[in-house]
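Worksheet for the structure shown next.
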Amino acid sequence: MFQGNGLKHRSSLGIGVEVMNEAIFEIPRQLNASAPVELTGKSRDEVKLMVLNRKTGSVQHSRFTQLHMQLKKGDVLVVNNSRTIPASLLGRQGSREVEVRLSRKVGSREWDALILGPVYDARLPITFADGVKAFMSGNGSEKPLVRLTFSVEGAGFYDFIYKNGQPIRYEYIDAPWPLDYYQNVYGSVPGSVEMASAGRAFSWKLITKLRAEGIEVVCLQLHAGLSYYGDDRWPNPVHHPEEYHLPQETADSIRRAKREGNRVIAVGTTVVRALETVAAGHDGNVAAASGVTNLYITKESPLRVVDGLITGLHEPEASHLDLLQAFISRQHLMSAYRTAVAKGYLWHEFGDMNLIL
């Protein structure tokens with residue numbers, strides 16, 4: 001899930017943004033996590049953890065391996081078990097090579113997608129390996145996305161992308177890492193074009209430890225779309241629908257936690273978006289549900305279900321920060337992010353973690 005607000009500035013020093021001539025914070029280039037932590041000999045769960053108090057803004061510095069010490073017996077952790085697909089495809093349109101980045105499945109053959117490459121002719125199909133073709137059949141959910149109709153569907157389509165596709169990779173990633181590095185350990189339902197990265201630091205050892213401490217871990221799915229369109233363009237969350245599914249077992253666990261006065265903690269902004277969408281459609285209650293959401297959460301949004309959040313560290317232009325302000329004041333959040341910069345926390349999907357309670 002991405003809630004973009006279209007403010008992006010990249011410099012030789014790092015990534016930052018200015019609003020009304022006041023710098024919010026700057027990410028030095030060396031704090032862009034460019035490789036999985038496993039390549040340093042550590043396990044996934046050995047990244048840093050910054051813990052924020054929602055009310056006071058106080059900051060604690062810990063390790064993700066110590067997550068169980070921040071939670072309580074009876075807490076319910078809700079994770080997104082959507083699995084990342086290899087959504088970057090190289091094709092040709094006439095004599096020109098283009099990159100197609102899938103964003104959202106619309107039908108059995110149809111996807112919203114971003115096309116990167118030279119100016120193309122919408123009348124010409126894009127031809128991929130194995131003779132697969134895609135035809136531009138209309139506009140996507142928002143510009144610059146287009147609607148592509150592929151010549152294969154179902155298992156044949158997934159065979160094609162797993163054989164020929166690559167994970168989507170942005171400029172701060174310095175090597176084409178294998179798809180397995182872009183998966184959460186519990187990911188089981190293919191569909192996200194980018195990793196639901198708030199869950200990346202979980203290991204099965206840590207999940208077992210959490211459950212032994214009486215902390216429940218349950219699943220939902222929200223298939224995340226593209227988070228960035230290039231050339232300083234981000235999705236408009238109102239026009240960026242994402243598909244979700246909340247199973248009955250998870251709904252039951254959440255209702256029980258609420259009834260018993262325990263906390264519901266979302267692992268990722270995708271989980272917040274799915275749970276609050278369901279609650280908004282059921283008078284504040286949680287029930288099994290499936291659908292498509294374009295919910296945009298800001299500081300004005302009432303949180304009906306979620307009490308806490310585990311997430312990564314977000315760029316200053318990302319409106320994930322808008323969603324975080326539904327949990328904690330802007331002043332506390334910006335102060336904590338500046339502290340994270342000073343303490344050398346790492347950003348992006350291979351980076352460090354943040355817990356807001």
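The figures here come from the full heavy-atom set of this structure, side chains too, leaving out hydrogens, waters and symmetry mates.
- Annotation for R200 and P36: closest pair NH2-CB, 3.5 Å, computed over non-hydrogen atoms.
- Checked by atom type and distance alone, the side chain of T250 pairs as donor or acceptor with a backbone atom of C219 at under 3.5 Å.
- Of the possible donor and acceptor atoms, one in the side chain of E46 sits under 3.5 Å from a partner among the backbone N and O of S43.
- The aromatic rings of W177 and Y181 lie perpendicular to each other, with more than 60° between the two planes, well past the 30° mark.
- Applying the side-chain hydrogen bond (donor to acceptor under 3.5 Å, both in side chains) test to S203 and every residue at least two apart in sequence or in another chain returns D45.
- No side-chain donor from either of E194 and Y228 sits under 3.5 Å from a side-chain acceptor of the other.
- Q325 and T298 are not linked by any side-chain donor-acceptor pair at a separation below 3.5 angstrom, with hydrogens and angles left out of the test.
- Under the 4.5 Å side-chain contact rule for hydrophobic residues, L210 and V267 share a cluster.
- Scanning for salt bridge (Lys or Arg N to Asp or Glu O under 4.0 Å) contacts around D352 gives an empty result, with sequence neighbours left out.
- Annotation for N184 and G199: closest pair OD1-C, 3.1 Å, computed over non-hydrogen atoms.
- Of the possible polar contacts, one joining the H282 side chain to the V278 backbone as a donor-acceptor pair under 3.5 Å is found.
- Proximity of a side-chain donor or acceptor of Q93 to a complementary backbone N or O of L124 within less than 3.5 Å is detected.
- The list of ring-ring contact (aromatic ring centres under 6.0 Å, His included) pairs with a residue in residues 47-99, not counting sequence neighbours, reads H61-Y345, F64-F202.
- Inter-residue side-chain proximity for E216 and D75 is flagged as unmet; no heavy-atom pair is nearer than 4.5 Å.
- For Y337 (side chain) and H314 (main-chain N/O), a donor-acceptor pair under 3.5 Å exists by modelled atom type.
- With hydrogens and angles disregarded, a donor-acceptor distance shorter than 3.5 Å links the side chain of S192 to the backbone of A224.
- Of the possible polar contacts, none joining the R263 side chain to the D307 backbone as a donor-acceptor pair under 3.5 Å is found.
- In terms of heavy-atom proximity, M353 sits nearest to V47 at CG-CG2, 3.8 Å.
- The aromatic rings of F150 and F160 sit tilted relative to each other, their planes meeting at an angle between 30° and 60°.
- In the hydrophobic clustering of this structure, L321 groups with M50; members are Ile, Leu, Val, Met, Phe, Trp, Tyr whose side-chain heavy atoms approach within less than 4.5 Å, directly or through other members.
- Contact between Q248 and A288 at its shortest, heavy atoms only, is OE1-CB, 3.4 Å.
- Judged purely by atom type and a 3.5 angstrom limit, R83 has no side-chain atom pairing as donor or acceptor with the backbone of P190.
- Under the 4.5 Å side-chain criterion, counting only non-hydrogen atoms from C-beta, S151 is in contact with K133.
- The two residues V193 and G225 have their closest heavy-atom pair at CG2-C, 3.4 Å.
- There is no path of hydrophobic side-chain contacts, each under 4.5 Å, that joins F350 to L355.
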